[in-house]
Amino acid sequence: DAGVTQSPTHLIKTRGQQVTLRCSPKSGHDTVSWYQQALGQGPQFIFQYYEEEERQRGNFPDRFSGHQFPNYSSELNVNALLLGDSALYLCASSLGLAGSSYNEQFFGPGTRLTVL
Amino acid sequence: GNSVTQMEGPVTLSEEAFLTINCTYTATGYPSLFWYVQYPGEGLQLLLKATKADDKGSNKGFEATYRKETTSFHLEKGSVQVSDSAVYFCALTGSGGYQKVTFGTGTKLQVIP
């Protein structure tokens, strides 16, 4: 059973460019969350997708956008890249948004983005 | 909003030493608490969790107890191994749907032979 997969593994971009990162959730999962982890910091929540809609968003500008496809995979898009966007981007998947119970989030290995 | 504070690292211990990594949190309601581990070059793995007060999470010799009265969730292990060298993150989720995970800044543990 494949876990959460992300592509690409590494990416180098220049300031002002746009980037798209991809995530395939763990088999059977329908919810995808994205996190940004700067060097030496804990991951910061960007947003979460369920049923192809953004359900919750962290404190990130509109330059960060996403999409979820009918097969539950997801993309993270970042426009007008800044040097400060250099980070490890983590995707996590889980099963449903079941009321007050917690559904464990499984993390992918991440995409390392470097902005020059 | 929710927040997690954990002790700064790096923490360097000799093999078989006792480990404690402190973690305190701020949250409304009844959060669930977690410890994640990140080995070099790898993604985050859930190490253990506790979903209500006084619960003890345990895995691979690590333990943490959900203390609501002190808003703490300290990670402990009686005898660390070199293979435990990693970064450890304390985290929480709030109650209700649309769960997101709020992480601490991480504590790097280095275990030397």
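Side chains are part of it too, since the values below use all heavy atoms of this structure and drop only hydrogens, waters and symmetry mates. We name chains A, B, ... by the order of the sequence lines, and we start the count at 1 in each one.
Under the 4.5 Å side-chain heavy-atom criterion for ILVMFWY residues, no single connected hydrophobic cluster contains both A/Phe60 and A/Tyr35. The cluster map of Ile, Leu, Val, Met, Phe, Trp and Tyr, joined by side-chain heavy atoms under 4.5 Å apart, puts A/Leu88 and B/Leu44 in the same cluster.
Take A/Ser73 and apply the side chain to side chain donor-acceptor pair (under 3.5 Å) test, not counting sequence neighbours, and it matches A/Asn71.
Atom CD of A/Gln44 is surrounded by 12 or fewer heavy atoms from other residues, nucleotides or ligands within 6.0 Å. With a 6.0 Å radius and a threshold of 12 heavy atoms from other residues, nucleotides or ligands, A/Arg15 has its CZ atom at or below the threshold. Within a 6.0 Å radius of OH in B/Tyr39, more than 12 heavy atoms belonging to other residues, nucleotides or ligands are found. Taking a 6.0 Å sphere around CD of A/Gln18, one finds it holds more than 12 heavy atoms contributed by other residues, nucleotides or ligands. Within a 6.0 Å sphere centred on CD of B/Glu15, heavy atoms belonging to other residues, nucleotides or ligands number more than 12. The environment of NZ in B/Lys68 is crowded: more than 12 heavy-atom neighbours from other residues, nucleotides or ligands sit within 6.0 Å. A/Leu39 CG: 12 or fewer foreign heavy atoms inside a 6.0 Å radius.
Inspection of non-hydrogen atoms places B/Phe103, B/Gly104, B/Thr105 of residues 102-113 of chain B under 4.5 Å from chain A. Taking 4.5 Å as the heavy-atom cut-off, the residues of residues 106-116 of chain A that approach chain B are A/Phe107, A/Gly108, A/Pro109, ordered by number.
Sequence neighbours left out, the pairs with a member in residues 69-90 of chain A that pass ring pair (Phe, Tyr, Trp, His ring centres under 6.0 Å) are A/His67-A/Phe69.
Your options are B/Glu42, B/Gln45, B/Gln38, and the one with the most heavy-atom pairs under 4.5 Å with chain A is B/Gln38.
Summarising the geometry of A/Gln56 relative to B/Lys100, their closest heavy-atom pair is OE1-CD, 3.8 Å, with the distance given to 0.1 Å. Summarising the geometry of B/Phe89 relative to A/Gln37, their closest heavy-atom pair is CZ-NE2, 3.2 Å, with the distance given to 0.1 Å.
Using a 4.5 Å cut-off on side-chain heavy atoms (C-beta onward), A/Pro43 and B/Val101 make no contact.
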